[in-house]
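Below you'll find the structure, written out as structure tokens, and then a few comments.
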Amino acid sequence: MCGIVGAVAERNVQGILLEGLRRLEYRGYDSAGMAVLSDDARLNRRRAVGKVAALEASLDAGPLEGRVGIAHTRWATHGRPTEQNAHPHQSGESLAVVHNGIIENHETLKAELESQGYVFTSQTDTEVIAHLLAREFNRTQDLLEAVRQAVALLDGAYALAVTHRSQPSLIVGARKGSPLVVGVGIGESFLASDPLALLPVTDRFIYLQEGDVVRIARGEPVAVFDAAGERQERSVHTYEHGDGAATKDGYRHFMLKEIHEQPQVVAAALEGRLSERRALIESFGSEAEAIFSQVRQVHIVACGTSYHAGLVARYWLEKYAGIPAQVEVASEYRYRRVVVPDGTLFVTLSQSGETADTLAALRFARERGYVGSLAICNVPGSSLVRESDLTLMTQAGPEIGVASTKAFTSQLVALMLLTLSLGRLNGMDESRQAEIVQALRTLPGAITQVLGLDGAIETLSMAFAEKHHALFLGRGSHFPIALEGALKLKEISYIHAEAYPAGELKHGPLALVDSEMPVISVAPNDELLEKLKSNLQEVRARGGELFVFADESVRLEEAEGVHVLRLPHVDEALAPILYTLPLQLLSYHAAVLKGTDVDQPRNLAKSVTVE
Ligand code: AGP
């Protein structure tokens with residue numbers, strides 16, 4: 001999705017802004033731009049379609065000089081990815097704005113502004129904001145006041161950074177529904193939609209809250225005002241993930257690096273959250289025990305990969321904790337007439353904590369009588385975290401690849417901790433709790449073993465790269481893993497893939513199976529294994545080529561058209577976590593062979609902050 005960077009510094013800001021944009025590239029975008037105020041108060045702008053490298057080339061040809069500037073990567077929503085539609089947008093030669101989000105009443109505002117003589121040069125909703133701000137500045141002669149007046153007229157979601165040549169030493173920012181942070185430097189201040197963008201210049205951040213308006217000015221402290229216009233002191237947080245996440249560390253892609261980080265990620269997600277034989281309920285917050293003890297069922301809401309993690313949790317919560325669970329994609333949930341039985345906990349899952357539909361679902365749920373809300377999230381300070389009653393941070397560290405990998409496994413670990421915590425309060429067998437706790441401790445080691453299969457999986461992937469379709473099969477808690485495997489393959493290799501519970505095959509999808517249809521299955525040694533094997537026979541009998549990831553103890557022989565890769569044995573409760581890895585690697589290698597943009601697949605964004 002779109003990215004914002006802004007800087008008020010004691011040095012030329014072009015390099016800071018450009019590096020910030022590079023660091024936001026992972027979010028997905030299709031054009032980029034920058035506006036810098038020169039020391040003689042002239043507003044100069046460069047914009048380019050395509051990658052940040054195209055903008056850089058244009059800046060090489062004509063550098064921008066100045067100590068105040070704003071920059072943006074745009075993911076097209078209103079109007080095609082063209083230079084005219086790229087941000088920053090200007091109103092005349094005086095004011096420039098960059099914007100993330102969507103303005104829903106832009107058509108009405110545009111008609112009003114046109115009738116007042118403002119001329120539009122793009123198809124974007126953002127240009128409305130530029131002219132509104134200019135109109136309000138003409139009235140107030142104060143940029144902070146102009147922003148306040150203008151945002152009051154906007155319906156929808158926004159994070160903004162605005163600069164004006166009449167106040168050449170400051171930038172004003174505002175946020176509602178889209179994230180914006182202030183980077184606090186020494187004598188310098190910055191704005192960004194994601195702290196990662198600013199790590200080369202600061203590790204101290206203020207996470208702005210809904211409705212906040214902020215003024216950053218040279219030589220002055222950061223001034224934050226809440227939605228009511230009251231000056232607020234917001235705390236400054238030190239970014240603790242280090243900057244290593246922004247580099248590939250010798251790996252060819254961020255995605256591969258993040259796949260290989262999973263042993264450490266799982267260990268981090270468990271750290272301090274287990275006693276000898278139990279999961280510690282307090283890890284979910286000081287109110288957790290009081291809320292969890294009222295829980296009789298759970299509603300889980302998420303999108304994409306996070307939704308798949310929720311689907312696994314449904315099996316776990318019912319099987320181990322004896323608690324019914326319902327899982328739904330956020331974009332459906334938020335528009336449904338939801339019935340909430342007494343004692344229901346509302347759980348959101350999100351890597352970014354800023355996914356627009358998931359956030360809207362949480363806000364919708366607040367009015368529905370849940371016993372409480374829990375966010376399982378990877379980004380501290382994100383909107384979802386701030387607005388939930390309870391939180392569990394997944395501790396995966398920043399995930400840069402658009403395709404979610406380590407965030408998914410860390411969500412599964414968090415969901416197992418939730419299962420054990422709710423299970424404990426609901427009479428789950430104590431020795432089973434202790435077994436799963438023990439198995440969680442050995443999980444990083446088992447994951448490391450699976451990563452050792454990387455070479456063999458790369459070889460398998462060669463059978464895929466030329467295919468147009470693939471089927472993924474799983475049963476029980478491994479059906480969501482098959483769904484996640486299919487999503488990964490689609491996302492990064494653009495091979496069409498579908499996932500089915502293996503028992504559904506003969507109810508339709510079997511008609512698709514022939515020698516051109518690779519069928520990938522996960523086969524842990526669980527109670528459904530024999531049934532799964534029969535389903536695989538049905539595929540083989542129709543000439544389908546099978547790729548099976550199986551527990552080392554499973555009797556399943558390699559044969560013509562049947563490829564079997566053995567995984568170490570783990571407690572069946574944790575098998576969904578382990579079996580995720582080979583499917584991630586398979587998709588990764590297939591995508592590399594196809595030559596796609598693995599870390600930034602076409603049309604996709606890392607953080608989906610619009611509906
Ligand atoms: C995962 O590979 C996807 N890129 C996508 O489905 C993602 O999981 C989804 O957009 C939800 O994001 P979130 O976890 O940040 O809420």
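It should be emphasised that the depicted structure is a prediction, and the values quoted were computed from it without experimental measurement. Atoms within each ligand, like the ligands themselves, are counted from 1 in listed order. The figures that follow rest on heavy atoms only: side chains count, while hydrogens, waters and symmetry mates do not.
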Side-chain donor-acceptor distances from residues 200-207 under 3.5 Å, at least two apart:
residue, atom, partner, partner atom, Å
T202, OG1, V184, O, 2.6
T202, OG1, R204, N, 3.0

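Nearest approach of S382 to C377, heavy atoms of both residues: OG-SG, 3.4 Å.
Closer than 4.0 angstrom to ligand 1 sit non-hydrogen atoms from C303, G304, T305, S306, S350, Q351, S352, T355, V402, A403, S404, K488, E491, V608.
Partner H260 forms a side chain to side chain donor-acceptor pair (under 3.5 Å) with one of D454, D249, T448 and no other, that one being D454.
How far CZ of R314 is from CZ of F479: 9.0 Å, rounded to the nearest 0.5 Å. Annotation: the span from Q411 atom CD to I577 atom CD1 amounts to 11.5 Å, rounded to 0.5 Å.
Between F464 and F547, the two ring planes are tilted [angle within 30° to 60°].
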